[in-house]
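Note sheet for the following structure.
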Amino acid sequence: LAFRGRTREARRANAPMAVLSVSADVNAGNAALVTPLTPEEFPTCAAAIRSVGGARRVFLLRPHMTSDELIGLAHRLKVLSRNMGISAVIVANTDDDEAASLATPAMSADDSRVENWAEDVGQNGPGYGKAWHVAGGYDPRYVHERKAHEDPTELGRYMDGVRDLALAARGGLEIDAETGRTGGRSKVPVVCVPHGTVNDGGSAVLMGTHVLATTDTNFSILNPGRGLTLDPSGLSFVLPRLGWEHDQPSADYPCGTLLALTGYEADCHDLLETGLATHMLKRATLIGDLERYLAALPSWEAQQVVPPRRRSHGEVQEMVQRVERGRDDEDEWIQLASEFQWDNSKAKNVGVANLVDDLCEYNAAGAHLGDKHMEASLFKHEDPSLVLEENRGRLFEDRSSRLVDVAATFAAIFEQKSVEGILEGLREVEGSQAQSNDEEERECAEIAGSLADMMEARSPLALKVTKRLLDIGKGSGETLEGCMEREKRAQMNMYGKGDFKRWAESGEEPGEFADWERKSLKDVTDDEVEEILGE
C-alpha cells in the first residue's frame, strides 16, 4: 500500500517511476535501505536521502547503480537543487560510523573495496592502504550478465541515467532538447564529498558545485580496459579543459589525455591541481560537521542581506497603480522593481561557500584556507626589518601534483595527433634513457615505460575512439551537452563490438585482459572510428 501511494505521488509530480528506486524515507534510527525496485542480489538500494535540518543528505550506498537508480537519483537531485526551502544538498559518505546509521557505504558488508595507490591513506575505515569504492556509475559486467547491452532501449536508459546525474549535480538551466523550452533553474548548491574511489560514469559526482576531496579520494578511467570508451558524463568536454576555470598550471599540459588513455589513478592532490575537485577537506571526519552546519543555515529563499520592509495597505494600492503605468515605461518599471524588494541575489549561497572554505585546507584556485588566526599569532612577534620574506617561517607548504608533473614532462608526446605517435614516443623515451647515468633520466624512462604498458593493456579500438572524442570535445564551439550526446552514441556502439564481449566473459579486471580483436593500433582504421562516433 505504501508503494502504491508513492507511485501515485510520482505520477502526480510527473516524475519517472524510477524515483522510487531511491529511498527518501530515511530518518535517524529508521533506515529504509531497500526499495521495491532494489534488485534481489543487492543488500541495499544504491542511494538514500535523508532530511537534515535545512539541508538534504544523499548517501551513496553502492558504487554501481541500475538504470532505474541512475535515473531516479538524477531526478531527485535535480528537484532538490531547485528547492528554495533548503540550503544545500550533500552527496557524501564517511567511515567514522556504523553502516546501519548510513554514515558508511553498504560495501562494508560485502567487502567491495579497491586498492588505493595514494601514500597518505589513513588507517581508519576500510583498512590501511585501501579506500571505499564510492562511485562507478554502473557495472558493465552486470549489464552484460543481464544482456542489457543487447537491448538498445535498456542500454540507452543506462547512458541517459549517467548523463542526467552529471547534469543534475552540475546544476544550471534546464532546456528541453526536443522542444527547446526552458525548464527550472537550479538554485541550491550540490556539495559532493567522494571519500574514496571514483571511476568512469561515477565522475558525475565530480560535477557538483563544490567537490571536496579527502586524502582517500582518487579517480581513474577504466573503460578502455573493458573494450569501452567514455561514459556520457561529459568527460570529453571536461578533460581537455582541466585547469581552465581556476587558471592553474595544469591548463598548459595534456593532463586529460593522459588520464583518459593510460588509466592513470589521480589522487586528491591531482584532482585539486586540475580543478576536478574544488577544495581539500582537512580530514574526512569533518563531513559530519559539514552536514550539521549546512543543516543550520537559512534556506535559499531566506538568505538575504536586508529583508523587504512591510508596507501599508495604501502603499500597496499605490504600487498597483504604478504597475499599471509602468507597463509602458521601462524606467518606471525598473524603479518600481527596486522599490518592491532589496536585491538579495548576491547573498544567495554565500553562506554555503564560506562554510565550505572554513572547513577546508585549501581550494583549487590556490588559496590556503587554513587557520589564519594561527598564522597571525605565529608571526606576530617577527620584526619585518630583520626577517626577509624568503627566510620567514611558513605555515603552509608548496602544493604539488604528480599528474601535472608527468603531463608536463611528456607534454610533447601526449600532444601528438595519433595514439600510435603517443605510444611510440613513450617507448622511445624508455629505450633511450633506461641506461642513462643520470638518475632523473632513468626515472623518466621508467615512468614512460609504465604509461606505455598501461596503454598497451587497453583495447586499441577503445583507445582510438577515446582519443577522437577528446579531440572533437576540445573544439571551441563544443558544449557539454553536445559532448555527452556524442559519448552516448559512441559508447552504445562500443557495447556491440567484440572487445567488450571478450572482456566481459573473461572474468578479468581492466588492465589484466589483453585478448582484443585488434591486436595493435595499426589494425584499427579511421573509418571504423568515425562509424562508432556516428557522425
Ala168: which residues meet the side-chain contact (heavy atoms from CB on, under 4.5 Å) condition with it, sequence neighbours left out?
Leu77, Lys78
I'd like to know if the side chain of Ser220 and the backbone of Leu222 have a donor-acceptor N/O pair within less than 3.5 Å.
no
Using modelled atom types and a 3.5 Å cut-off, is there a donor and acceptor pairing between side-chain atoms of Ser21 and backbone atoms of Asp68?
yes
Test item: Gln491 side-chain N/O and Met159 main-chain N/O as donor-acceptor pair under 3.5 Å
no
What pairs with Ala490 under side-chain contact (heavy atoms from CB on, under 4.5 Å), at least two apart in sequence or on another chain?
Thr229, Val465, Leu469, Ile532, Leu533
Set of residues satisfying side-chain contact (heavy atoms from CB on, under 4.5 Å) with respect to Arg402, sequence neighbours excluded
Tyr264, Asp270, Val406, Ile447
Answer yes or no: is there a donor N or O on one side and an acceptor on the other, between the side chain of Gln248 and the main chain of Leu272, under 3.5 Å?
yes
Is it true that Glu528 and Lys464 have a side-chain N and a carboxylate O under 4.0 angstrom from each other?
no
Close side-chain approach of Val211 and Leu276, heavy atoms under 4.5 Å
no
Taking all atoms of both residues into account, what is the closest heavy-atom pair of Pro232 and Glu487, and its distance?
CA-OE1, 3.1 Å
Chi angles and distances behind the side-chain hydrogen bond (donor to acceptor under 3.5 Å, both in side chains) call for Glu273, Ser401
CA-CA 6 Å; Glu273 300 310 315; Ser401 163; over 6 Å; no
Do other residues, nucleotides or ligands put more than 12 heavy atoms under 6.0 Å from Glu150 CD?
yes
Please evaluate residues Tyr142 and Glu41 with respect to the criterion side-chain hydrogen bond (donor to acceptor under 3.5 Å, both in side chains), reporting the C-alpha separation (whole Å), side-chain torsions for both, the decisive distance (0.1 Å), and the verdict.
CA-CA 11 Å; Tyr142 180 80; Glu41 58 267 34; 3.0 Å; yes
Does this structure show an ion pair linking Glu430 with Arg427, if we count only N-O contacts that are shorter than 4.0 Å?
yes
In terms of relative ring orientation, are Trp503 and Phe500 parallel, tilted or perpendicular, with 30° and 60° separating the classes?
tilted
I'd like to know if Glu478 and Arg241 make a salt bridge, using a cut-off of under 4.0 Å between side-chain N and carboxylate O.
no
Determine whether Tyr138 and Asp231 satisfy the following criterion, side-chain hydrogen bond (donor to acceptor under 3.5 Å, both in side chains), listing intermediate values before the conclusion.
CA-CA 10 Å; Tyr138 62 91; Asp231 282 319; 2.6 Å; yes
Are more than 12 heavy atoms from other residues, nucleotides or ligands located less than 6.0 Å from atom CG of Asp438?
yes
Could you tell me how the ring of Tyr495 sits relative to the ring of His149: parallel (under 30°), tilted (30 to 60°) or perpendicular (over 60°)?
tilted
Got a salt bridge between Glu481 and Arg163, using NZ or NE/NH1/NH2 to carboxylate O under 4.0 Å?
no
Arg157 bridged to Glu154 by N-O distance under 4.0 Å:
yes
Whether over 12 other heavy atoms sit under 6.0 Å from Glu40 CD:
no
Please lay out, stage by stage, how Asn218 and Thr197 fare under the test side-chain hydrogen bond (donor to acceptor under 3.5 Å, both in side chains).
CA-CA 5 Å; Asn218 61 86; Thr197 295; 3.1 Å; yes
